[in-house]
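Step one of this worksheet: look at the structure below.
Please read these numbers as outputs of a predicted model, since none were measured by experiment.
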Amino acid sequence: MKRISLFLLAAVAVVSSAYASMLTNVYGRDYRMLNGRWDAIVDLYDQGDRMKVYENRSPQGTTDFYEYSFDGGLRLEVPGDWNSQSPELKYYEGTVWYGRHFEADPEPGNSEYLYFGAVSYRCNVYLNGKKIGEHEGGFTPFAIDVTGELKKGDNFLVVEVNNRRTRDAIPSLAFDWWNYGGITRDVMLVTVPENHIEDYFIRLRKDHPELIDIDLRMSQPLPGVAVTVDIPGLKKRFEGVTDSEGCVKGSLKVKNLKRWAPDAPVLYDVVLTAGADRVTEEIGFRNIAVDGTKILVNGQPQFMRCISFHEEIPQRMGRAFSQADATMLLNEAKELGVNMIRLAHYPQNEYTVRMAEKMGIMLWQEIPIWQGIDFADYGTRAKAQSMLTEMINRDKNRCAVGFWGVANETKPSPERNDFLMSLLETGKDIDTTRLYVAAFDLVEFDKDRGIFTMDDPFTENLDVVGVNKYMGWYHPWPVPPAEAVWDVTPGKPLIISEFGGEALYGQAGSRDVASSWSEDYQARLYEDNLRMMENIPNLAGVSPWILFDFRSPFRFHPTNQEGWNRKGLISDRGQRKKAWYIMRDFYNKKRNDK
């Protein structure tokens, strides 16, 4: 097994990413894209391993033959999901083998890594007929050290990908979005010096507006390597020398720092050098904290005007993967008037995260602990810890990320509580500068007291509590919205992390009948919910569900859904529903009320 570095992390059984290596900020390094059309073989009965597909053998004699071939068959775009590239693969759950040739020219003194932005859901990776790595988890990156494995000239890379749903997977057997399979994000060959900057964390100290903390780790545990971190815009330079573990820690006192905020997304060029290695970055600095029921950004209360979206382009009916895709999704969110996006329900593309940061949009990122998780299974727990680790390590230098989410819609039990507590401990071993959050769907109306309450003691462990409550859709109104009083997690900031209902764009109908599936009913539902929220004393933010209609086999109403969840404020064809304008006006008023 290759050396695994989990920077600032206590021991965790990373069972889902054997062979994986840490490599922070691949886009700031020397890399070559391996994207494009790859040859592919659909392996319905999982026979490829037995037949050694990864060796890509050719007949050598008159009696040789093989019952597979990468040449002359299916070709799939990478990055991309296979479901949207072939009608026969629309619902496919199983194994597809990807293969491609690429040229390499490895040089002495360098290390080479194959980097995968994401492969959905699990994969085995082979280079020149030899297995070099494996990974489980469809939304986080991994890198494989191929130094010494690359040949000068032609190399053949094979990735066995499987998206079959299983009980011990994360997410589990049932989830309300499309199970896209494939190599869904960038594939890169990254070249770095033999002893290189493996990981770093540069951030403003949580409760200090003028102190930048720096942690850096080299790939080799060698002492005496000179390290510098330059921030030209602040005219500041940190200088240090690695210890016996190859690590450097320190801080910079800065003045006249312009802190990043949703209305002022200031980023600074940062240059890291260590030995022969050099990495470039853009980093913003901000403070985020909680004060009673308020969320503070740079010491000032911020009401979170939020929206969620899936990593999907509905018009293409496929997984979002490119900078152009990120531009479309984020521009639509910005038009709504948001200052935050909940990237539901999983870590999304790095293009989206980096672009949101430049646009001044705060992010809530989470791992897909979404209903049906086997909380008693320690293997599943280890996978969740690994996914959380990979998410945080990829984006811990992105100041736009203000919230790490550990769960969505889970129910109390001793096993659940221990599971989620282990995630909080895992996360805080890496990063204590952000707020930790989870979303719950446990709010109920107490008829005797005439108020909405929630009983889940685990919320005491969180900085911020999210509540998903679909009043007027899944839950009838027990009292008129104006009389709906809430007493939920008093003393903590509460975000309504999901609310809404389904409507088919262009469909007119009664404002009072849910089964009309009409824009009119959805608009009334939004008006009622926003009125109810005026009665929530600790309300710190609102996040409707959801920006776009999205694909889901969960949804099979024959005329109004047809495999789509229609809760979007925007239709699958990009048309804004009536509720969109209600939400836009609400957010504009909230912005102006500051």
Salt bridge or not for E107 and K152, using N-O below 4.0 Å?
no
Check E77 with R37, please: is the shortest side-chain N to carboxylate O separation under 4.0 Å?
yes
With distance as the sole criterion, is a donor-acceptor pair present between the side chains of D213 and S251 under 3.5 Å?
no
Taking D325 first and then R319, would you say they form a salt bridge - that is, a charged N and a carboxylate O separated by under 4.0 Å?
no
Give a yes or no on whether a salt bridge exists between K396 and D431, defined as a side-chain N under 4.0 angstrom from a carboxylate O.
no
Which word best sums up how the rings of F142 and F116 line up, parallel for under 30°, tilted for 30 to 60°, or perpendicular for over 60°?
parallel
Would you say the side-chain atoms of T191 and E112 include a donor-acceptor pair closer than 3.5 Å?
yes
When you check the side-chain N and O atoms of D395 and Q365, is any donor under 3.5 Å from an acceptor?
yes
Quick test of your reading of the model: are K334 and E332 salt-bridged, counting only N-O distances below 4.0 Å?
no
Under the 6.0 Å and 45° cation-pi test, does R100 pair with Y98?
no
Relative to each other, are the rings of Y346 and W177 parallel, tilted or perpendicular (30° and 60° limits)?
tilted
Cation-pi check, K428 to Y436: give yes when NZ or CZ is under 6.0 Å from the six-membered ring centre and within 45° of the ring axis, no otherwise.
yes
Is the side chain of T242 donor-acceptor paired with the backbone N or O of G224 at a distance under 3.5 Å, no angle test?
yes
Between T95 and N162: side-chain donor-acceptor atoms closer than 3.5 Å:
yes
Under the criterion side chain to side chain donor-acceptor pair (under 3.5 Å), which of E311, E366, H310 is the partner of H345?
E366
For the residue pair H196 and Y113, categorise the inter-ring angle as parallel (less than 30°), tilted (30 to 60°) or perpendicular (more than 60°).
perpendicular
Looking at side-chain heavy atoms only, is the closest gap between L252 and L211 below 4.5 Å?
no
If we count only N and O atoms by modelled type, under 3.5 Å, do the side chains of Y351 and D186 hold a donor and an acceptor together?
yes
Please state whether the rings of Y115 and Y27 are parallel, tilted or perpendicular, taking 30° and 60° as the class boundaries.
perpendicular
Sub-4.5 Å side-chain heavy-atom contact between E357 and C399
yes
Counting C-beta onward and ignoring hydrogens, is there a side-chain heavy-atom pair between T24 and E198 closer than 4.5 Å?
no
Is there a side-chain contact between I361 and N339 in this structure, where contact means two heavy atoms from C-beta onward sitting under 4.5 Å apart?
no
Does the pair E281/R29 count as a salt bridge with the N-to-O cut at 4.0 Å?
no
Does any non-hydrogen side-chain atom of H135 lie less than 4.5 Å from one of T140?
yes
Can a donor-acceptor pair be found between the side chains of N179 and Y91 at a distance below 3.5 Å?
no
D105/K151 salt bridge by N-O under 4.0 Å criterion:
no
Between the side chains of W564 and D549, does any donor sit under 3.5 Å from an acceptor?
no
Do the charged groups of E282 and K358 touch, with an N to O distance under 4.0 Å?
yes
Does R551 come within less than 4.0 Å of D572, counting only side-chain N to carboxylate O?
no
Distance-minimising heavy-atom pair for F309 and A333
CE2-CB, 4.5 Å
Any side-chain heavy atom of E194 sitting closer than 4.5 Å to one from Q220?
yes
N/O donor-acceptor pairs under 3.5 Å from side chains in residues 272-279, not counting sequence neighbours:
unit_1 : atom_1 : unit_2 : atom_2 : d
T273   : OG1    : T228   : OG1    : 2.3
D277   : OD2    : I197   : N      : 2.8

Evaluate side chain to side chain contact (heavy atoms under 4.5 Å, CB included) for N408 paired with R342, printing each intermediate quantity in order.
CA-CA 12 Å; N408 180 68; R342 180 187 179 201; 2.8 Å; yes
How about T426 and D429: does a side-chain donor come under 3.5 Å of a side-chain acceptor?
no
Near R573 CZ, under 6.0 Å, is it more than 12 heavy atoms from other residues, nucleotides or ligands?
no
Under the criterion side chain to side chain contact (heavy atoms under 4.5 Å, CB included), I'd like the reasoning laid out for Y92 against L44: C-alpha separation, chi angles, the key distance, then a yes or no.
CA-CA 9 Å; Y92 182 64; L44 281 80; 4.0 Å; yes
Report yes or no: does T433 contribute a side-chain atom to a donor-acceptor pair with the main-chain N or O of K206 at less than 3.5 Å?
no
Between V187 and N35, is there a side-chain heavy-atom distance shorter than 4.5 Å?
yes
Minimum side-chain heavy-atom gap M22-R394 below 4.5 Å:
no
